[in-house]
Protein chains: 2
Amino acid sequence: MSKVLIFGHQNPDTDAITSAISFSYLQNELGHNTEAVAFGKPTEETQYALDYFETKAPRTVTSVSSETDQVMLVDHNEAQQSAPDIDKVKVLAVVDHHRIANFATADPLYYRAEPVGCTQTIIWKMFKENDIDVPKNIAGLMLSAIISDTLLLQSPTSTTEDEKAAHALADIAEVDLNSYGKDLLKAGTNTKNKTASQILNDDAKNFPMGESTVRIGQVNVVDVDEVLARKMELLREMQDQSQASNYDLFMLVITNVLENDSVALVYGDKTELVKQAFNKDIVEDTVLLEGVVSRKKQVVPPLTKQFEQE
Amino acid sequence: MSKVLIFGHQNPDTDAITSAISFSYLQNELGHNTEAVAFGKPTEETQYALDYFETKAPRTVTSVSSETDQVMLVDHNEAQQSAPDIDKVKVLAVVDHHRIANFATADPLYYRAEPVGCTQTIIWKMFKENDIDVPKNIAGLMLSAIISDTLLLQSPTSTTEDEKAAHALADIAEVDLNSYGKDLLKAGTNTKNKTASQILNDDAKNFPMGESTVRIGQVNVVDVDEVLARKMELLREMQDQSQASNYDLFMLVITNVLENDSVALVYGDKTELVKQAFNKDIVEDTVLLEGVVSRKKQVVPPLTKQFEQE
């Protein structure tokens with residue numbers, strides 16, 4: 001039987017990359033033959049964590065069905081965020097913390113989703129349920145994903161379960177949660193060396209909403225103006241990509257990870273729906289989203305509602 | 001906040017009814033305010049278990065959105081098997097052991113599916129994970145569902161996890177697994193007092209396959225000929241219901257629970273696909289399915305494959 005490949009979503013963030021690593025370790029300990037792979041290279045933030053905990057990045061792939069017929073998904077379930085050939089393989093398991101959409105199987109499977117801040121919090125529970133020890137380096141990577149997804153436990157997506165997992169994993173990894181956390185978040189906020197396309201797409205996902213396709217990117221910064229200074233360049237790139245891929249709306253959420261606020265840059269025929277969803281005026285292509293840091297919890301649900309009412 | 005309603009699929013079987021009861025008990029112990037309800041009356045088998053363990057059947061409902069805006073689903077996820085107004089309420093949690101299809105949410109949720117024989121086996125694990133004791137009567141109902149879904153651990157859907165749960169629950173319920181199990185299964189095999197419509201629909205589900213809608217009923221018997229003696233009556237009823245509801249195929253799987261074989265009675269425009277799916281001839285509207293006892297594992301997957309190739 002071919003090796004089972006385990007992977008997170010395209011444009012992998014720290015949770016997508018490291019959950020593949022930790023879940024593959026867990027599955028192999030349970031007697032399965034799996035390998036973590038990734039649909040993209042690590043971001044600077046993820047690379048910081050991999051370097052700190054001396055772990056190799058998963059092998060990068062662009063498809064899976066040529067080398068296996070069985071896969072496990074972490075940190076995503078929606079087909080358009082997954083392997084381009086996901087319909088040609090059998091999904092044995094999913095561990096995720098997102099809404100369920102555009103996902104269907106012919107057979108029963110293992111599916112574990114919980115409304116927590118990070119996939120690694122669920123995987124941490126599975127380690128405990130199966131009575132398997134987490135190695136120090138993997139604990140550090142799991143912790144890094146929780147810090148990344150919950151902005152050091154400050155995001156509204158963060159739950160008491162994420163807190164419990166983060167503290168336990170910090171102990172195993174032998175790091176100070178707060179000082180390591182701030183260093184990790186800062187490592188992911190460097191936009192100066194990034195192209196406009198990288199800023200837009202490094203952490204972007206497509207969401208079918210009503211009859212429309214909405215692309216939402218998010219970038220973490222310590223200074224929002226550093227990104228907004230490149231607004232015209234970003235809007236031109238958003239226009240090109242929207243035309244090429246038929247997006248009805250392209251939204252870039254620029255999040256200040258120290259102040260926990262965001263500004264969204266918006267492009268497309270449907271920007272009026274952003275105005276309605278957040279009850280905010282669009283001023284020079286931007287919308288101020290006070291207190292908004294979570295795409296999943298604070299951006300996607302109100303936008304989806306607005307598109308479905310349209 | 002309104003009470004959270006917990007329910008299994010329409011045409012509830014023993015797992016659907018009793019999983020609502022046990023999961024509601026667990027959720028209430030965890031501090032939530034829930035009530036088990038059901039989309040139909042208990043079958044004779046389920047009533048036998050409820051009587052034996054002196055537990056009231058859940059309240060029967062025909063819709064949910066008039067009394068709550070939040071629900072939890074057990075033993076199903078597909079919209080067409082659920083509350084008719086499922087799109088008007090928020091699904092907080094799902095515990096299930098079937099394929100995932102026709103299911104989507106706007107928000108993250110708790111979803112727990114495992115490829116085991118019975119939903120109660122998963123709920124049993126959740127009791128243990130949360131360190132909550134199962135009361136004797138609820139243990140008896142959980143055991144009854146496992147016996148029912150796995151035909152006393154003989155079905156190919158039965159796993160070592162179902163076995164472990166069944167033995168542990170039999171201890172708590174203070175019954176002998178085998179003798180109670182046979183009595184329970186026999187209680188569900190009385191077809192003499194049933195109308196043709198009851199035989200067809202008491203445990204029937206609709207499955208969208210490719211572009212078609214397939215309805216598959218299953219009835220457990222100790223004598224297949226008792227049901228086949230009423231073939232003309234059953235075929236007339238299948239014809240009426242197929243015309244009324246636009247089924248492309250109606251299949252009744254008649255399963256001998258003592259011998260673990262089935263005979264399927266088939267009606268509709270697409271019976272040719274049954275022949276191809278199982279590589280068996282259709283003789284006088286029936287197909288002999290040797291060793292087949294599981295609709296989910298042995299009937300739906302090959303049929304789905306055939307309809308999708310069409």
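Here the structure is a predicted model, which means the values were calculated and not measured.
Atom CZ of residue A:Phe207 and atom CG of residue A:Leu249 lie 11.5 Å apart, to the nearest 0.5 angstrom. Note that the CZ atom of B:Phe23 and the CZ atom of B:Phe127 stand 9.5 Å from one another [nearest 0.5 Å].
In plain terms, the two heavy atoms of A:Ala83 and A:Val64 that are nearest each other are CB-CG2, 3.9 Å. The shortest non-hydrogen separation linking B:Ala16 to B:Val74 is O-CG2, 4.0 Å.
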Determine whether B:Ile216 and B:Val253 satisfy the following criterion, side-chain contact (heavy atoms from CB on, under 4.5 Å), listing intermediate values before the conclusion. CA-CA 7 Å; B:Ile216 309 177; B:Val253 180; 4.0 Å; yes
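Between chain A and the options B:Ala101, B:Pro301, B:Pro108, the largest number of non-hydrogen pairs under 4.5 Å is found for B:Pro108.
Looking at B:Met251 and B:Val274, their side chains come closer than 4.5 Å, going by heavy atoms from C-beta outward.
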Under 3.5 Å, what donor-acceptor pairs does chain B form with chain A?
residue	atom	partner	partner atom	Å
B:Ile100	N	A:Thr105	OG1	3.1
B:Ile100	O	A:Thr105	N	2.8
B:Thr105	N	A:Ile100	O	2.8
B:Thr105	OG1	A:Ile100	N	3.2
B:Tyr111	N	A:Ala113	O	2.8
B:Tyr111	O	A:Ala113	N	2.8
B:Ala113	N	A:Tyr111	O	2.7
B:Ala113	O	A:Tyr111	N	2.8

